[in-house]
Amino acid sequence: MHDLAVDDQAGGDPVYRLLGITGAQLRSDLRIPGQDLAAACTYLAGEGLITVDWEPGNTPAMVTLTHEGIRRMEAEEEGAV
């Protein structure tokens, strides 16, 4: 699973943020060709569900869920039976 970091906010509640996963690790976990991973990342980033830091050659270096991406995943999990 991915790491969860806590950022302290002065005078407020802690803010939790999901740390990203490297493109290499994601590609290995999903067992898909790099070209397919790049296409999937491009689509999901366009939908506002992830952010991607790109390496030269259209290769995802780091992939991170956006707030909307997290909300969508939570909604799907709640709807799962």
*Does the side chain of Leu26 reach to within under 4.5 Å of the side chain of Pro60, using non-hydrogen atoms?*
no

*asked:* Just to verify, which of Leu37, Asp36, Thr22 counts as forming a side chain to side chain contact (heavy atoms under 4.5 Å, CB included) with Arg27?
replied: Leu37

*Which atom pair, heavy atoms only, marks the closest approach of Ala61 to Glu55?*
CB-CG, 3.2 Å

*If you measure from the Lys or Arg side-chain nitrogens to the Asp or Glu carboxylate oxygens, is any gap between Glu74 and Arg71 under 4.0 Å?*
no

_Given 3.5 Å as the limit, does a donor-acceptor pair link the side chain of Thr42 with the main chain of Ala38, or not?_
yes

_Nearest 0.5 Å, please: how far is CZ in Arg72 from CG in Leu49?_
5.0 Å

*Work out which heavy atom in Gly48 is nearest to a heavy atom in Thr66; give both atom names and the distance.*
O-OG1, 2.6 Å

*Worked verdict on Asp29 versus Ile21 for side chain to side chain contact (heavy atoms under 4.5 Å, CB included)*: CA-CA 10 Å; Asp29 288 352; Ile21 185 170; 3.8 Å; yes

*Could you pull out the closest heavy-atom pair between Gly20 and Thr64, with the gap in Å?*
CA-OG1, 3.5 Å

